[in-house]
Amino acid sequence: MIKSLKLHKIPLLLCLTAAVFYWSFAYDLNREDFPKLITLYAGLFFLSFKVIQLLKTRFWLLAGISLIFRLIFILALPNLSQDFYRFIWDGRLLANGINPYLSTPDLLMKSAHFGSISEAQELVNGMGNLSASNYTNYPPLNQLIFAVAGWISGNSILFSVLIFRFFIVLSEVGILVFGRKLLKQLELPEYYIFWFLLNPFVIIECTGNLHFESVMGFFILLSFYFLWKQKWIISAIVLGLSVSVKLLPLMFLPLFLKFFSNNKNTSESSENRSFAAQISANLNDLKTIRWTNLLSYYTIVMLIVILGFLPFYNSAFLANFSKSIGLWFQKFEFNASIYYVIRWIGFQIKGYNIIADTGRILPAATFIIILIISLFRKIRSLKSLISGCVFALCFYFLLSTTVHPWYILTPLLLSIFTTYRFPIVWSFVAMLSYYAYGNGDFQENLWLITLEYVVVIGFAITEVFFPKKLSFSLFS
């Protein structure tokens, strides 16, 4: 009896300790204090994952704990990201009938005809010069959430933050519900959903820092759920909504090629086939694709996206939005991996930063890799489709010039429906990139970046090619 009582007290003690750490993270952390940041995060990572292991048979208790941890952030302004100031700015523009895609905050502030929105200067100062000098790049469904905050919150920045948090937490409740359903159908343990929902990386970056990857992730999961139910029209509509939150899911479209194949009963294993036999099998797969369904799926997705952008369209919109998106490939650089190696080589050969050229080549290389995955990977089941999405995203990030930590949230979410756990490892080491906030000139520590990617790539290679070497039950 006493022993049983002690065993019950251990998870409670772990949860209380984690709650104290989250409180400190939310209300008593300066992002420039990197040692404190990484110490708190490492502690939260250990505590949260230990709680999952101890309470994995108590699904709704874990659900309640994940909600309580999120509620700790309820009155906190984000302390690791200033993007929310831009969210509020865009929302207040829309609430005042102004198209946010047509001008930068800097230009609007200088315009003699601009009817000032409430707290305009505070918002511009908060978002920083980089955001204030560029056009918005947030798609229409994201803008709708911003607009709701703009209409309801009045002059309160904190009230706007509360509204954003409501949508994010609501989406994560949806992830809990539909993620559980998908795990059941894929014959995976239900508690795997908490490798996402109780991961401190998710709680801090979404609820804490107000990044909307959880909203996008909910629509992705809902789309896959309807795909499993063979309601592919609804699935396409919902996937279109996910793209209208963030453009990222567009890269999934090539992966649907073989999913719309009639060869569902063909074995997915190709270990015993010769290379020539594999090529022949893939060509045969292409002949069995239900092209009408596939093209209809693509059309519906794109139609939903276009309809979302339509209210904002005019002659300047496309140029401004394209320019904003292009910055992520040809101007910005942060926490990159392969690109930093290429950049170093460029400095040795050319003597200057070759991002303008590399930024055009790397997206093309990413597309080719995704196309290869689509053509040569056996994507006939929902599980193999999700695995393909995980690898597509990870190759994209490995070839990107900019990888903010919260980008990893999407492969992290999808990985729990697969056998791969390297995105969970990535969610731990990605926080090393926040070292850059610890100095005034925003200088990255390339040794820490190298450590991050050596750990992630090493773990991924071991999982893919030498799975038997990972015999420990780290995530079981």
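Positions are given from 1, in the same order as the sequence printed here.
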Pair S381-S384, side-chain hydrogen bond (donor to acceptor under 3.5 Å, both in side chains): steps then yes or no
CA-CA 5 Å; S381 68; S384 58; 3.1 Å; yes

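- In this structure, S374 contributes its side chain and P254 its backbone to a donor-acceptor pair below 3.5 Å.
- Annotation: F178 is not in aromatic contact with F224 [ring centroid separation under 6.0 Å not met].
- For the pair I65/F194, no side-chain contact is recorded, criterion being any heavy-atom separation below 4.5 Å from C-beta on.
- With contacts defined as side-chain heavy-atom distances shorter than 4.5 Å, the pair E119/I88 does not qualify.
- The structure places CG of L239 at 13.5 Å from CD1 of I234, a figure rounded to the nearest 0.5 Å.
- Inter-residue side-chain proximity for F395 and I338 is flagged as unmet; no heavy-atom pair is nearer than 4.5 Å.
- Within the 4.5 Å cutoff, the side chain of I237 has heavy atoms near those of the I300 side chain.
- Among the candidates V245, V243, V215, the single residue satisfying the side-chain contact (heavy atoms from CB on, under 4.5 Å) test with L141 is V245.
- Not a single donor-acceptor pair under 3.5 Å links the side chain of N96 to the backbone N or O of I98.
- Partners of F46 according to the ring pair (Phe, Tyr, Trp, His ring centres under 6.0 Å) rule, which considers only residues two or more places apart in sequence or in another chain, do not exist here.
- Side-chain contact check for Y407 versus N335: every heavy-atom pair is 4.5 Å or farther apart.
- Atom CG of L210 and atom CD1 of I163 lie 11.5 Å apart (nearest 0.5 Å).
- You'll find the side chain of S400 stays beyond 4.5 Å of the side chain of Y339, heavy atoms only.
- Between R92 and S118, the side chains place a donor N or O and an acceptor N or O closer than 3.5 Å (distance only, hydrogens not considered).
- The backbone N or O of F321 lies less than 3.5 Å from no partner atom in the side chain of S324, so there is not a single donor-acceptor pair.
- Applying the 6.0 Å contact sphere to NZ of K181 captures no more than 12 heavy atoms from other residues, nucleotides or ligands.
- Distance check: F196 CZ to L413 CG gives 4.5 Å after rounding to the nearest 0.5 Å.
- In this structure, S235 contributes its side chain and K231 its backbone to no donor-acceptor pair below 3.5 Å.
- Proximity of a side-chain donor or acceptor of N137 to a complementary backbone N or O of I325 within less than 3.5 Å is not detected.
- Ring to ring, F34 and Y435 are close: their centroids are under 6.0 angstrom apart.
- Between the side chain of S24 and the backbone N or O of V20 there is no donor-acceptor pair closer than 3.5 Å.
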Given F164 and F84, is the ring-ring contact (aromatic ring centres under 6.0 Å, His included) satisfied, shown in steps?
CA-CA 9 Å; F164 295 152; F84 72 100; 8.2 Å; no

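- Formation of a donor-acceptor pair under 3.5 Å by the S133 side chain with backbone atoms of L130 is found in this model.
- Atom OH of Y27 has more than 12 neighbouring heavy atoms from other residues, nucleotides or ligands inside a 6.0 Å radius.
- Ring pair F312/F317: centre-to-centre distance not below 6.0 Å.
- For W195 and F49, the ring centers are positioned less than 6.0 Å apart.
- The backbone N or O of C206 sits nowhere less than 3.5 Å from a side-chain atom of S214 that would complete a donor-acceptor pair.
- When side chains are defined from C-beta on, W426 counts as touching V429, because their heavy atoms get closer than 4.5 Å.
- The structure places CG of L221 at 4.5 Å from CZ of F417, a figure rounded to the nearest 0.5 Å.
- R421 contributes a side-chain N or O that, together with a main-chain N or O of S415, makes up a donor-acceptor pair within less than 3.5 Å.
- Heavy-atom contacts from other residues, nucleotides or ligands closer than 6.0 Å to CG of D106 number more than 12.
- Remark: E213 engages K246 in a salt bridge, criterion side-chain N to carboxylate O under 4.0 Å.
- Note: Y434 and Y437 meet the aromatic proximity criterion, with ring centroids under 6.0 Å apart.
- Atoms CG and CD1, on L197 and I416 in that order, are 7.0 Å from each other to the nearest 0.5 Å.
- With hydrogens and angles ignored, the 3.5 Å screen pairs no side-chain donor or acceptor of S223 with any backbone N or O of V238.
- The aromatic ring centres of Y41 and F25 sit 6.0 Å or more apart.
- Ring centroids of F212 and Y138 are separated by 6.0 Å or more, keeping the two rings apart.
- At least one cation-pi condition fails for R165 and F73: the charged atom is not both under 6.0 angstrom from the six-membered ring centre and inside a 45 degree cone around its axis.
- Rounding to the nearest 0.5 Å gives a distance of 4.5 Å between CG of L188 and NZ of K383.
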